[in-house]
A.B. asks: 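Before anything else, here's the structure in question.
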Amino acid sequence: MTSHMEFTAGLNPQQQQAVIAGPGPVLVLAGPGSGKTRVLTHRIAYLISALGVRPRHILAVTFTNKAAREMESRVVHLIGQGTQGITLGTFHATCARILRREAKNLPFESNFVIFDADDQVGLVKRIIRDLDLDEKRYRAPGIHASISNAKNDLLLPDEFPINTFRDEIVQRVYLSYQKLLLASNALDFDDLLLWTAFLFEEFPKVRTKYARFYEHILVDEFQDTNFAQYVLLKHLVAFHHNIFVVGDTDQSIYRWRGADYHNVLRFEKDFPDSQVILLEQNYRSTQAILDVAMTIINRHPYRTPKLLFTSREQGQKVVLHEVYDDREEAVFVITTIVDLVARRSAKPGDFAVMYRTNAQSRLLEEAFLRAELPYKLVGAQRFYGRREVKDVIAYLRLVHNPDDEISLIRIINVPRRGIGDKSSIALRTQAQTSAVSPGNLLLDLGRNPSAPNQEWISRRAGAALRNFGELLVKWSDQKSKLTPLALMDLILEDMDYRSYIDDGTDEGSDRWENVMELRRLAAEFHKKGLTAFLEQVALVSDQDTLTGTMNVPTLLTLHAAKGLEFPIVLIVGLNDGTLPHSRSFDDPEEMMEERRLFYVGITRAMDRLYLVCAQNRSLYGYPEPVDASRFLDDIPHDLIEDARFSRSSPRPRRTPLHHSTKWSAAVDNTPDTKSAYQQKFHPGMQVQHPTWGDGMVLNSRIDDGDEVVDIFFKELGLKRVAASLAHLEILS
DNA sequence: ATGGACAATGTTTTT
DNA sequence: CATTGTCCAT
């Protein structure tokens, strides 16, 4: 009782109830901003300190590694040290650990590598070629997606459901795909779950061992678990039945990845004795923001009604802004941020700019760069996706696991060492006939350069292969003696990698910088070793790269925004085709998910929310007229501040088709044609002021016969000037 | 084997 | 438009 107090202090009654609930299954349905992370961390603290559960018997599953780290530090904050031994991580990371430990029962070695998305699709592509299939008809990413879906439903190749001819193709590719993965001693993301489920099913003793070991299991973002994960959970709780899941079906946005929010409903059915707790009070957003969020999500049919209320004040109205095109959208983002910062109503780090697709970040980045404002970007051309980074990792992976054929293919001729397609194909066929992996064949060649039976290769190509083989042997001999960092340095030096990528251009030194960044990461794995380093590299996610220290705006996709909050949020690209994305038009399920995605974005905002839509958008190079997002039609007029844009560039009149009236009204009485004064300044222009120096025009409008220009000066920041007085010179 | 020039082709979201 | 793949000349 008293011991409960300290873990429930400062929590509302529902939160308290959740923290001390149990024993047995508990389902917490938590609306956005309702403090679910707090509940989870307090619950863990409570289990350890009040109930005396040993940390090692607790398993907590989060959606990202970052969420795991954050949770750990918050628990430590609550109860001090004493959290050591707790299993805390993503499903994938947790499964990887289990599989390495139990590999003796499974058809791969415990030093298996984990293929990333590129590797996976690359492998599928190779199989499609090998099987002599039409690459146009059967595109690798699509086939791979089908395989991935099957795996998430725990369907092995021979269980793959056949309904169409394409299914037969997929099945053949799937079969071959699994064979090649195993031949490479590799697993893909989905395999981590699949093989763990397989392990638990085939080896009841192993399953029981883990089920007995984990006395308490906690799961965050439960609405985004897939079938495989659900099955794993059922295995793991089979002994103690102490499962505590937290989720919100309204925030389910990973259906395309196999996530199924029906798991929430399934949970209540599978665990009839479960306790259900609703967290409805919102502590994050103003009422104004929450009102808009509710109008969006209430259009969502078949949902369990949930009443959200906030403890916060009404707040400022949500602002809806229409701009001419996506270029101007970016300018509006900058203007808004600069303006609010200049007026000291916000810090740069308070802002987040959210969009549907990664491609949309480009224009925004350019605008930030032009304005010379720093920002941070989550995801996109992710660090680990960079060519030079992937190359170096491929070397390490190959040395670590010579069977990794994908990595070998990747770097066998990078940098150029005279091993072309012909030679690598010859190597592959020769490896096949002698029933070893190409990597091991190379190692043999390197160890035994004068071995007989080398007729399969020309003298010159053979020399190149042997040279490379000798390097591989050297590195392999060193790998157990050196730290990951030292091994990496050795490889970099032996290949003279720097002179290969750093060609003196800016881009070249950027690329070398990336390699140096990877070095820094490797340095953190002195103790943990190469396996851990490679696993980390494979399993970190985009959002894990988000560092909260810098006071600058954040650019991120709506997906990446889940679980985060920001004082001021700008959601851009609110146009049909972008949000909702055009790929969701013909599938009502997907359309609902787009709606939830929008809802997630809205509910990230604490104080202020800006919604931005454009009249024109270039999707394929050419700008095209686009409709405002259909979701905007669902928001009542009085919930929104209609900040009609002061026009700066000529705005072609659109013919609204199935387009809501509130926009048309805004479009029709734009001020530009009324004014006698001809506008001279447009966003993006470089201008010079006699005393303030150079700057960029952020915005300009006609006001009372004069042109009012907002300029971001390099030296002074944002200034608003009247064109008739300021003697501005246009530079570009 | 390599590198350049051209054509085609395609864009969600990510552990 | 921007990336990726194919073809061709060195």
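Sequence lines set the chain letters: A, B, ... in the order given, protein chains first and strands last, and positions in each chain run from 1. Just so it is clear, the structure is predicted and the values come from calculations on it, not from any experiment.
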A.B. asks: For A:Q251 and B:dT14, give me the distance from atom CD to atom P, rounded to whole Å.
C.D. replies: 16 Å
A.B. asks: Tell me what A:S423 touches on the nucleic acid: a base, only sugar-phosphate, or nothing, going by heavy atoms under 4.0 Å.
C.D. replies: sugar-phosphate
A.B. asks: Under 4.0 angstrom, heavy atoms only, what part of the nucleic acid is A:R362 near: base, sugar-phosphate, or nothing?
C.D. replies: sugar-phosphate
A.B. asks: Expressed in whole Å, how much space separates the C1' atoms belonging to B:dT13 and C:dT4?
C.D. replies: 22 Å
A.B. asks: Do A:E221 and A:K36 meet the salt-bridge criterion of a basic N to acidic O distance under 4.0 Å?
C.D. replies: yes
A.B. asks: Whole angstrom is fine here: how far is it from CG in A:D119 over to P in B:dT15?
C.D. replies: 15 Å
A.B. asks: Quick check, are the ring centers of A:Y174 and A:Y177 under 6.0 angstrom apart?
C.D. replies: no
A.B. asks: Would you call A:R595-A:D634 a salt bridge at under 4.0 Å N-O?
C.D. replies: yes
A.B. asks: Any salt bridge linking A:R410 with A:D118? Criterion: basic side-chain nitrogen under 4.0 Å from a carboxylate oxygen.
C.D. replies: no
A.B. asks: What residues, two or more places apart in sequence or in another chain, satisfy side chain to side chain contact (heavy atoms under 4.5 Å, CB included) together with A:A367?
C.D. replies: A:A330, A:I334, A:R370
A.B. asks: If the C1' atom of C:dG5 is compared with that of B:dT12, how far apart are they to the nearest Å?
C.D. replies: 23 Å
A.B. asks: Using 30° and 60° as the class boundaries, would you call the ring planes of A:F112 and A:F108 parallel, tilted or perpendicular?
C.D. replies: perpendicular
A.B. asks: Starting at atom NZ of A:K562, determine the distance to atom P of B:dT14, rounded to an integer number of angstrom.
C.D. replies: 12 Å
A.B. asks: Closer than 4.0 angstrom, basic N to acidic O: yes or no for A:R511 and A:D502?
C.D. replies: no
A.B. asks: A:K422 has an atom NZ; how far is it from atom C1' of B:dT2, in whole Å?
C.D. replies: 13 Å
A.B. asks: With sugar-phosphate meaning primed atoms plus P, OP1 and OP2, does A:N413 contact a base, only sugar-phosphate, or nothing at under 4.0 Å between heavy atoms?
C.D. replies: sugar-phosphate
A.B. asks: Round to a whole Å and report the spacing from CD of A:E221 to P of B:dT14.
C.D. replies: 14 Å
A.B. asks: Can you name the atoms? Protein N/O to nucleotides 6-13 of chain B N/O, anything below 3.5 Å, with the distance.
C.D. replies:
{"residue": "B:dT11", "atom": "O4", "partner": "A:L619", "partner atom": "O", "Å": "2.8"}
{"residue": "B:dT12", "atom": "OP2", "partner": "A:R583", "partner atom": "NH1", "Å": "3.4"}
{"residue": "B:dT12", "atom": "O2", "partner": "A:R356", "partner atom": "NH1", "Å": "2.7"}
{"residue": "B:dT12", "atom": "O2", "partner": "A:R356", "partner atom": "NH2", "Å": "2.0"}
{"residue": "B:dT13", "atom": "OP1", "partner": "A:N358", "partner atom": "N", "Å": "2.5"}
{"residue": "B:dT13", "atom": "OP1", "partner": "A:N358", "partner atom": "ND2", "Å": "3.3"}
{"residue": "B:dT13", "atom": "O4'", "partner": "A:R356", "partner atom": "NH2", "Å": "3.3"}
{"residue": "B:dT13", "atom": "O2", "partner": "A:W256", "partner atom": "NE1", "Å": "3.0"}
{"residue": "B:dT13", "atom": "O2", "partner": "A:R356", "partner atom": "NH2", "Å": "2.7"}
{"residue": "B:dT13", "atom": "O2", "partner": "A:H559", "partner atom": "NE2", "Å": "3.4"}

A.B. asks: Do NZ/NE/NH1/NH2 and the carboxylate oxygens of A:E135 and A:K125 come within less than 4.0 Å?
C.D. replies: no
A.B. asks: Heavy-atom nearest nucleotide on DNA chain B for A:H92 versus A:A461: which residue maps closer to 5'?
C.D. replies: A:A461
A.B. asks: Does either side chain, that of A:T87 or that of A:Y214, offer a donor lying less than 3.5 Å from an acceptor on the other one?
C.D. replies: yes
A.B. asks: Could you state the CG-P distance from A:D188 to B:dT14, rounded to the nearest angstrom?
C.D. replies: 18 Å
A.B. asks: For a quick test of reading the model: is some side-chain N or O of A:R416 closer than 4.0 Å to OP1 or OP2 of B:dG3?
C.D. replies: yes
A.B. asks: What is the distance, to the nearest angstrom, from the CG atom on A:D118 to the C1' atom on B:dT14?
C.D. replies: 12 Å
A.B. asks: Nearest-Å distance, CD (A:Q536) to P (B:dT15)?
C.D. replies: 13 Å
A.B. asks: Does A:R255 pair with A:D224 as a salt bridge, N-O distance under 4.0 Å?
C.D. replies: no
A.B. asks: Tabulated below should be each protein N or O lying under 3.5 Å from an N or O of nucleotides 5-10 of chain C; please produce it.
C.D. replies:
{"residue": "C:dG5", "atom": "OP1", "partner": "A:K125", "partner atom": "NZ", "Å": "3.3"}

